[in-house]
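A short worksheet on the structure shown next.
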There are 2 protein chains.
Amino acid sequence: VSPRTGRRPGGPATRDSILSAARTAFASAGYDATSLRSIARDARVDPALVVHYFDSKAQLFAAVMELPDVLVTELAALVAGEVEGLGERVARFFLALWEAPTTRGPLLALLRSAVSHEQAAAALRGFVGDALLGQLAPRLDAPDGRLRVTLVGSQLIGVATLRYVVCIEPLASADLETLVVWLAPTLQRYLTGDVMAGAAAGR
Amino acid sequence: VSPRTGRRPGGPATRDSILSAARTAFASAGYDATSLRSIARDARVDPALVVHYFDSKAQLFAAVMELPDVLVTELAALVAGEVEGLGERVARFFLALWEAPTTRGPLLALLRSAVSHEQAAAALRGFVGDALLGQLAPRLDAPDGRLRVTLVGSQLIGVATLRYVVCIEPLASADLETLVVWLAPTLQRYLTGDVMAGAAAGR
């Protein structure tokens with residue numbers, strides 16, 4: 001254990017000490033109660049260095065969970081685009097993350113721990129609320145925007161659970177394009193549809 | 001431990017010994033490789049007694065998982081009914097199970113263990129394939145009937161995970177009728193809709 005004297009300079013060791021302090025903080029205090037400032041203090045670095053290495057709390061959380069940077073940055077770009085066709089783009093983005101072996105492992109770990117441990121669930125709640133709901137819901141321009149985004153999340157998490165975790169056939173080996181064709185209209189209706197749309201057609 | 005002499009007569013102790021043998025068999029050999037006959041042999045009872053107490057392998061699995069009998073019997077009745085409006089009836093049935101405190105506990109345990117342990121996942125795969133896919137898919141009269149049923153399952157499992165396990169707001173405290181209105185058309189499209197239906201309306 002290093003003596004508590006002054007702040008660390010920049011460098012890989014600094015990045016690691018920030019990650020380590022963040023991991024402890026997210027696990028003990030939760031996502032919402034953790035700030036970049038408190039992590040900087042725990043890691044004994046200047047808060048500007050935390051921003052320099054990780055940009056935002058959401059990015060830092062993704063790094064702690066070993067999720068790829070693209071998860072937060074590409075998601076932001078996706079959300080900033082046209083609302084038209086967003087359901088299909090979200091379906092493709094999400095499935096591509098789970099299909100890639102480097103991303104599937106960390107996502108599996110995150111899903112498993114959130115389902116099994118209340119602390120991990122609380123951290124995921126905070127992250128989703130900040131990185132996903134906070135960015136996407138206002139873009140929908142609907143009074144129930146936040147509910148709509150969580151409905152999108154429910155369909156995506158459910159597909160991930162049955163296809164990649166429990167591995168129920170024929171969903172587990174269905175080809176990606178078939179899944180996108182099924183899922184995109186569901187997601188698009190949740191995002192921008194009339195709540196009653198599809199009720200007549202579906203019967 | 002009782003000596004291995006002859007078969008047990010009927011009675012509550014017999015029912016318990018069947019449950020105990022079934023629990024061991026499902027956990028070690030999995031759902032598919034376990035038969036009512038092998039459970040009867042392990043419990044040293046007449047196979048007719050297993051059928052007498054539990055009717056079917058699906059019912060016995062539900063009993064081992066401490067799921068209520070209605071899960072299998074009402075599901076069968078639901079599936080046997082009209083395909084029209086089935087999406088809404090399935091949504092109501094599923095959410096009602098999770099809302100009832102006596103059912104939510106066992107369902108939570110089943111979901112958590114299936115997500116965390118491969119053996120539990122395998123048992124769930126077999127149960128779902130037998131009790132759900134085996135009964136519902138043929139009723140849909142579609143070449144991709146089994147995929148459609150697993151898509152229904154994906155939406156339901158996802159709602160359960162975000163609403164009751166991870167507890168993400170506002171999904172966690174949305175009222176039931178609002179959820180049914182959102183979910184029913186999704187489920188109905190998966191069950192009986194044209195794969196492309198909703199693509200135009202949703203954009």
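Residue numbers start from 1 in every chain, and the chains themselves are labelled A, B, ... in the order their sequence lines are given, proteins ahead of strands.
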Completion exercise
So CD1 of I168(B) and CZ of R146(A): to nearest 0.5 Å the spacing works out to 10.0 Å
Handout entry: Value rounded to 0.5 Å, distance of NE2 in H117(B) from CZ in R112(A)
Key = 9.5 Å
Give me the atom names and distance for the closest heavy-atom approach of [X] to [Y].
| X | Y | result |
| --- | --- | --- |
| P185(B) | R189(A) | CG-NH2, 3.2 Å |
| E169(B) | L133(A) | O-CD1, 3.6 Å |
| T150(B) | L171(A) | OG1-CB, 3.5 Å |

Exercise for the section: Let me know if R148(B) has heavy atoms under 4.5 Å from chain A in its side chain, its backbone, both or neither. Expected result: side chain
Taking atom [atom1] of [X] as the centre, report whether more than 12 heavy atoms of other residues, nucleotides or ligands fall under 6.0 Å from it.
| X | atom1 | value |
| --- | --- | --- |
| E99(B) | CD | yes |
| D141(A) | CG | no |
| E118(B) | CD | yes |

Exercise for the section: Determine whether L179(B) and L151(A) make a side-chain contact, defined as any pair of heavy atoms from C-beta on separated by less than 4.5 Å. Expected result: yes
Completion exercise
Counting heavy-atom pairs under 4.5 angstrom with chain B, the leader among S116(A), G87(A), A114(A) is S116(A)
Practice task
Just give me the residue among V159(A), L111(A), V128(A), V83(A) that pairs up with chain B most often, heavy atom to heavy atom, under 4.5 Å.
Solution key: V159(A)
Problem - Heavy-atom pair count under 4.5 Å with chain A, highest-scoring of L147(B), I157(B), T178(B) - result: L147(B)
Handout entry: Candidate pair S154(A) and Q155(B), rule side-chain hydrogen bond (donor to acceptor under 3.5 Å, both in side chains), full reasoning
Key = CA-CA 7 Å; S154(A) 77; Q155(B) 175 60 86; 2.9 Å; yes
Handout entry: Polar side chain donor-acceptor pair, T186(A) to T186(B), under 3.5 angstrom
Key = no
